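First up is the structure itself, then whatever we jot down about it.
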Amino acid sequence: GTRGYGKTTAAREAAALSPRQSLSLTVPQGPHAAGHLWDILCAQLVSQGFEAATELQRVGFPEDAPRMRRVLDFCIAYPDPILLVIDDYQFASSPALDTFLEATVRARMPELRMLLLSRERPLLPLEELRIKGLAEHLDQSLLAFPEEETRDFFRRNGEHDETAPSYAWRRREAWAGALSLCFRNRLAGRALPP
């Protein structure tokens, strides 16, 4: 979905409610070769106390079938339930990483759940994976404010002009961050931006 819809915040809240151990990865802006990106992501896991990632880093990016099998076997054997949140996936731009993620999903690991956050639709066969019950695609409309909720938010915070929330909702396409900024501008006595 679009920047500012609240994907990262929603994922953080979902992770806090999950009974699984939550690990978060953020794909840095690239370009990065797949092996270099693998090292960066493994280091992020280690920094969160997930020491098992040192073994994944040692094996290296699964660019060939034997390494792919070793990494998948390692993940399958990991005994604890994990929620892995991968943020800013649009920066990955790596067909090799897409292939690895697809193989991971197809391996049907019961202890691993992944939440992939991206501003662009990933180059994964999402429809096929969804039909097979292996993935779910959630778009930004799930995070958008309905117009009535926008009106209620403005009202509960002291805005009694009924045109302001409707105008903000239409002009900001229900984007939570933009609606919040519009509201703060109103509190400061400034007009809503065009």
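Predicted model, so just to flag it, every value in this text is computed and none were measured.
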*Flag side-chain contact, heavy atom, 4.5 Å: Leu116 against Leu124*: yes
Is there a side-chain contact between Ile131 and Glu128 in this structure, where contact means two heavy atoms from C-beta onward sitting under 4.5 Å apart? no
- Query: Looking at side-chain heavy atoms only, is the closest gap between Leu56 and Arg58 below 4.5 Å?
  - Reply: no
Less than 3.5 Å apart, which donor and acceptor atoms pair up between the side chains of residues 21-29 and the rest of the protein, not counting sequence neighbours?
residue : atom : partner : partner atom : Å
Ser22   : OG   : Ala15   : O            : 3.2

So OG of Ser94 and CG of Leu37: to nearest 0.5 Å the spacing works out to 6.5 Å
Rounding to 0.5 Å, atoms CG (Asp80) and CD1 (Ile82) come to a distance of 6.5 Å
ask   = Any Lys/Arg nitrogen of Lys132 or Glu127 sitting under 4.0 Å from an Asp/Glu carboxylate oxygen of the other?
value = no
**Asked** Under 4.5 Å between any side-chain heavy atoms of Arg121 and Gln90, yes or no?
**Response** no
message = Less than 4.5 Å apart, side chain to side chain, heavy atoms only: is that true for Val71 and Phe61?
response = no
Is there side-chain contact between Asp98 and Glu102, with heavy atoms separated by less than 4.5 Å?
no
Taking every heavy atom of Met109 against every heavy atom of Cys75, the minimum-distance pair comes out as SD-CB, 3.5 Å
CZ (Arg108) with more than 12 external heavy atoms under 6.0 Å:
no
Here the pair of heavy atoms bringing Ser93 nearest to Pro95 is O-CD, 3.9 Å
Here the gap from Leu41 atom CG to Gln57 atom CD, rounded to the nearest 0.5 Å, amounts to 10.0 Å
dist Leu112:CG -> Leu83:CG (nearest 0.5 Å) comes out at 8.5 Å
Rounded to the nearest 0.5 Å, the CD1 atom of Ile86 sits from the CG atom of Leu117 at a distance of 9.0 Å
Value for CG (Leu84) from OG1 (Thr104), rounded to nearest 0.5 Å, stands at 9.5 Å
Correct closest heavy-atom pair for His32 and His36 would be ND1-CD2, 3.3 Å
Correct closest heavy-atom pair for Leu72 and Phe100 would be CD2-CE1, 4.2 Å
